[in-house]
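Just so it is clear, the values below take in all heavy atoms, side chains as well, and ignore hydrogens, waters and symmetry mates. Letters A, B, ... mirror the listed sequences (proteins, then strands); counts begin at 1.
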There are 2 protein chains.
Amino acid sequence: MEFDDKVPIYYQIKTVIYDQIIAGQLAPGDKLPAIRQLAVSMTVNVNTVQRALSEMIAEGVIISRRGRGNFVTDNAQIVEQLKQQLMTSYLKQLYDRLHRLNISDEQMVAELTAYIERQGDSNGNDIED
Amino acid sequence: MEFDDKVPIYYQIKTVIYDQIIAGQLAPGDKLPAIRQLAVSMTVNVNTVQRALSEMIAEGVIISRRGRGNFVTDNAQIVEQLKQQLMTSYLKQLYDRLHRLNISDEQMVAELTAYIERQGDSNGNDIED
DNA sequence: TATAGTGTAATAGGAAACTAGTACACTAAC
DNA sequence: GTTAGTGTACTAGTTTCCTATTACACTATA
């Protein structure tokens with residue numbers, strides 16, 4: 001797996017797993033791959049994965065069952081909270097950044113739309129069948 | 001100054017200065033504050049500021065004149081390139097993140113618009129005189 | 001009971017980022 | 001020439017992140 005060398009790996013792992021939960025690839029109650037499994041598939045040390053998991057456990061999103069595995073909480077409300085929280089933080093980051101560049105609210109939406117258009121040119125999503 | 005402890009400080013300094021250049025607070029040819037000055041105002045060590053500047057110099061955006069100071073390049077084209085590059089990377093980051101959350105292109109624009117609305121409620125920009 | 005699969009803990013070492021401090025080199029202005 | 005303001009370079013020490021390795025604890029199953 002590829003990581004941004006400007007952000008701690010354990011933190012990026014956390015983001016990836018959280019994103020999977022929000023996207024529904026990991027449903028409430030689902031079992032995560034074994035820690036050693038995750039470490040191998042991400043080409044990372046076990047301790048690094050564990051550090052990511054520790055934080056997620058502390059935040060109540062992951063439930064750890066010794067000898068059995070790690071599971072996504074079955075509390076749908078926590079997952080929903082997580083979703084809102086992450087979505088907002090992502091949007092806020094873009095908003096703050098573009099704001100610092102003196103981009104107005106309207107321009108901001110326009111820029112995003114334009115970017116998506118450009119993406120569409122090469123991806124062709126929604127168009128090809 | 002406040003920094004995100006998940007990203008190297010020197011890198012965040014670079015971002016701040018680049019943003020100021022793009023926003024026009026630092027025009028082409030302008031002299032930057034002295035390194036020691038920047039270090040004090042950012043509550044950071046001189047070496048950390050210098051590391052940020054070194055990269056910007058290597059990238060051709062900042063020109064260093066020994067004994068005189070550091071200056072923004074007067075090459076407007078370089079500044080314009082920088083602007084496009086940063087804008088795109090900011091947009092791409094949001095796009096990729098929301099995409100991982102299974103948010104469609106249309107939803108994405110809607111979410112951003114909604115976020116801006118929410119901001120407007122507390123900021124009241126464009127409304128008050 | 002033995003074994004395989006799992007989470008957890010602890011130690012040791014290396015690399016990167018940051019700080020602190022000192023010294024040197026160049027420029028401009030007196 | 002001296003001085004103040006500037007960039008540049010170097011060394012030393014601390015902290016955080018990451019890796020490697022070993023050991024232990026619990027669960028399920030044959």
Covered region of DNA chain D, 5' end to 3' end, by chain B [heavy atoms, under 4.0 Å]: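 Footprint of chain B along DNA chain D, 5' to 3': D/dG5 to D/dC10.
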Got a donor-acceptor contact below 3.5 angstrom from the A/Gln12 side chain to the A/Asp4 backbone?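 Here the side-chain-to-backbone pair exists.
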Please indicate whether A/Tyr11 has more than 12 foreign heavy atoms, meaning atoms of other residues, nucleotides or ligands, lying under 6.0 Å from its OH.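 Not buried by this count: 12 neighbours or fewer within 6.0 Å.
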Tell me whether the count of non-hydrogen atoms from other residues, nucleotides or ligands lying under 6.0 Å of CD in B/Gln84 goes above 12.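 Enclosed.
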Listed in order of residue number, which residues of residues 57-68 of chain B have a non-hydrogen atom at under 4.0 Å from DNA chain C?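 Those residues whose heavy atoms fall under 4.0 Å from DNA chain C, taken from residues 57-68 of chain B in numerical order, are B/Arg66, B/Gly67, B/Arg68.
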Ring pair (Phe, Tyr, Trp, His ring centres under 6.0 Å) partners for A/Tyr115, two or more places apart: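 Here the qualifying residues are B/Tyr95.
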Can you name the ring pair (Phe, Tyr, Trp, His ring centres under 6.0 Å) partners of B/Tyr90, sequence neighbours left out?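 Checked B/Tyr90 against ring pair (Phe, Tyr, Trp, His ring centres under 6.0 Å); zero matches.
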Interface residues of residues 28-41 of chain A with DNA chain D (non-hydrogen, below 4.0 angstrom):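 Those residues are A/Arg36.
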For A/Gln37, enumerate each residue passing the side-chain contact (heavy atoms from CB on, under 4.5 Å) test, keeping only those at least two apart in sequence or located in another chain.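 So A/Gln37 forms a side-chain contact (heavy atoms from CB on, under 4.5 Å) with A/Pro33, A/Ala34.
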How would you list, by chain and number, every residue that makes a salt bridge (Lys or Arg N to Asp or Glu O under 4.0 Å) with [X], sequence neighbours excluded?
{"X": "A/Asp30", "answer": "none"}
{"X": "B/Glu80", "answer": "none"}
{"X": "A/Lys92", "answer": "A/Asp96"}

Please tell me if the side chains of B/Ile62 and B/Thr73 come closer than 4.5 Å, counting only heavy atoms from C-beta onward.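 No; the side chains remain at least 4.5 Å from each other.
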Validation: residues 42-52 of chain B side-chain donor-acceptor distances under 3.5 Å, sequence neighbours left out:
unit_1	atom_1	unit_2	atom_2	d
B/Asn45	OD1	B/Asn47	N	2.8
B/Asn45	OD1	B/Asn47	ND2	3.0

Which letter, B, S or -, goes with each nucleotide of nucleotides 11-21 of chain C from 5' to 3', with contact meaning a protein heavy atom under 4.0 Å? ------SSBBB
For residues 53-68 of chain A, which residue pairs pass the salt bridge (charged side-chain N to carboxylate O under 4.0 Å, His left out) check, not counting sequence neighbours?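 Salt bridge (charged side-chain N to carboxylate O under 4.0 Å, His left out) check on residues 53-68 of chain A returns A/Lys14-A/Glu55, A/Lys14-A/Glu59.
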